[in-house]
**Student:** 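I'd like to ask some things about the structure below.
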Amino acid sequence: MSYELHKRNANHLRLLGKVLFLQKNHHEETPVKQDVAALCAQLIRFDTTNFGEGNSRGEAEAARFIHGLLRGAGYEPLLLGPDDKRSSVVVRVPGADRNLPGLLVHAHLDVVPAEPEQWSFDPFAGTIKDGYVYGRGASDMKDMVAMTLATLLDWAASGTKPRRDIVVAFVADEEDKGDYGALWLVKDHPELFIGVEAAIGESGGAATILTGQDGAPVNLYPVAVGERGTLHIRVRATGTSGHGSRPVEPNAVKLLISALDRVGNYRWPLTLTPIVRAYIERTTAALGFAADLTGEDGVRAAIEAMGTAGTVAGVTVRCSSTPTVLRAGYKVNVIPGVAEADIDIRALPGTVEETLATIDVLLGEGISREFLSYQPPTSSSTQSHWFAEMAAALTRHDPAAVVVPYCMGGGTDAKAFAPLGISCYGFSPMGADPEERSAAGVHGIDERVPVASLISGQLILEDFLAAV
Ligand SMILES: [Zn+2]
């Protein structure tokens with residue numbers, strides 16, 4: 001592969017020593033100095049593991065810590081949640097012009113489980129070493145929590161007021177369904193989001209350094225403007241139960257297996273939505289590659305030419321349906337009457353009805369389905385003031401920035417906020433590490449984020465939030 005991370009002569013290092021803010025530790029009276037990396041490390045030390053299905057270590061301690069910091073800085077944050085274990089923090093920062101529509105910044109406090117025996121360090125120690133912050137959540141997404149928090153504390157220390165109201169939500173439960181976090185807030189406290197027109201959150205705005213056809217580096221900053229919808233379904237085959245030695249039809253297990261074979265192996269048609277088309281066209285143009293997107297072969301070649309930036313394009317040029325859970329039978333000589341499976345379906349913006357109709361045809365006779373969760377796709381304009389301001393902030397930081405829109409293959413809390421009429425973007429900015437370090441280990445092992453990227457990311461975020 002000819003596309004690799006390129007060494008850049010960026011000026012991030014001069015910022016490394018910058019003290020971002022002064023704050024009072026809420027446990028002690030002595031003022032302490034902290035930077036965004038230390039803050040990120042500190043947040044990692046709160047084990048906020050979310051095991052799913054409502055089973056979690058809880059976000060309460062981390063939320064109380066953030067709540068304390070914000071109160072200490074003079075804000076009026078709210079500590080909220082459906083119970084005292086699952087907490088979120090919401091604060092509204094009044095803008096200079098309160099008539100302007102507000103902007104929401106959302107970042108989740110929970111993390112996915114870590115299996116410490118597979119890691120080369122303690123996932124919850126929050127260590128800073130060799131230019132990285134290490135630990136579960138370092139890049140998903142206590143980095144953004146720290147950057148946002150640092151910005152608010154920085155503003156409090158310097159007396160900075162943003163142009164418009166900024167509502168910040170540090171939420172619980174993103175790594176599951178959001179029932180204890182974003183969805184709960186939207187359902188029980190919609191008043192917190194009054195006047196909010198747009199939101200920024202997870203995924204997007206981070207530097208991806210590619211190599212163009214001429215060998216020169218291309219500094220790509222993909223900003224998420226849409227997400228495929230999440231359609232999680234449970235399917236059930238019903239047959240005749242009986243003795244395993246006397247086969248009878250219909251057999252629920254056989255019915256289910258045939259249906260899953262059709263659904264799981266279906267080749268979804270190539271569907272270039274405007275966002276994905278723009279992502280591929282603009283990225284390949286920046287690389288100097290002449291893309292021909294008229295057919296499967298041309299699209300495949302374009303995606304290949306995009307290097308690491310092609311991965312997300314590859315999963316968003318079509319819908320997908322993946323069987324993930326199977327449940328049937330209890331004894332080898334008994335034919336069960338029912339067999340069930342769960343299927344993870346992702347539908348591109350504008351394709352939900354068509355996708356479900358296709359699924360029903362593929363499932364065929366004798367199989368019923370129900371939704372485990374139904375979160376439609378989101379999509380926001382690239383022609384908006386918001387997108388222009390994100391691009392402008394990235395370009396002020398990196399004059400060579402190529403800012404492109406993209407569609408996420410999975411989902412975030414944006415799906416919870418979008419039904420409030422909020423235009424959602426994935427924008428958690430990060431500059432490139434001058435020594436080619438990169439974030440790694442999201443939902444995997446040895447998760448880490450470069451300190452330099454955190455520092456530059458916080459400056460870009462602060463610049464954007466003040467100017468937008
Ligand atoms: Zn996340």
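Just so you know, ligand 1 is whichever comes first in the structure, and atom 1 is the first atom listed for that ligand. Worth knowing before you read on, the calculation uses all heavy atoms, side chains too, and leaves out hydrogens, waters and symmetry mates.
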**Student:** With carbon and hydrogen excluded and only N/O/S kept, which atom of E202 is nearest the Zn ion (ligand 1)?
**Tutor:**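 The closest N, O or S atom of E202 to the Zn ion (ligand 1) is OE2.
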**Student:** Look at E174 and state whether any of its N, O or S atoms is less than 2.8 Å from the Zn ion (ligand 1).
**Tutor:**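 Looking at E174, which is the residue asked about, there is no N, O or S atom under 2.8 Å from the Zn ion (ligand 1).
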**Student:** Could you pull out the atom name of the N/O/S atom in D140 that is nearest the Zn ion (ligand 1)?
**Tutor:** OD1
**Student:** Which one of F417, F193, F170 satisfies the ring-ring contact (aromatic ring centres under 6.0 Å, His included) criterion with H106?
**Tutor:** F417
**Student:** Taking C-beta and beyond as the side chain, do I345 and C319 meet within less than 4.5 Å on heavy atoms?
**Tutor:**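 Not in contact.
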**Student:** Have Q458 and T151 got a donor and an acceptor in their side chains that come within less than 3.5 Å?
**Tutor:** yes
**Student:** More than 12 non-hydrogen atoms from neighbouring residues, nucleotides or ligands closer than 6.0 Å to CD on E370, yes or no?
**Tutor:** yes
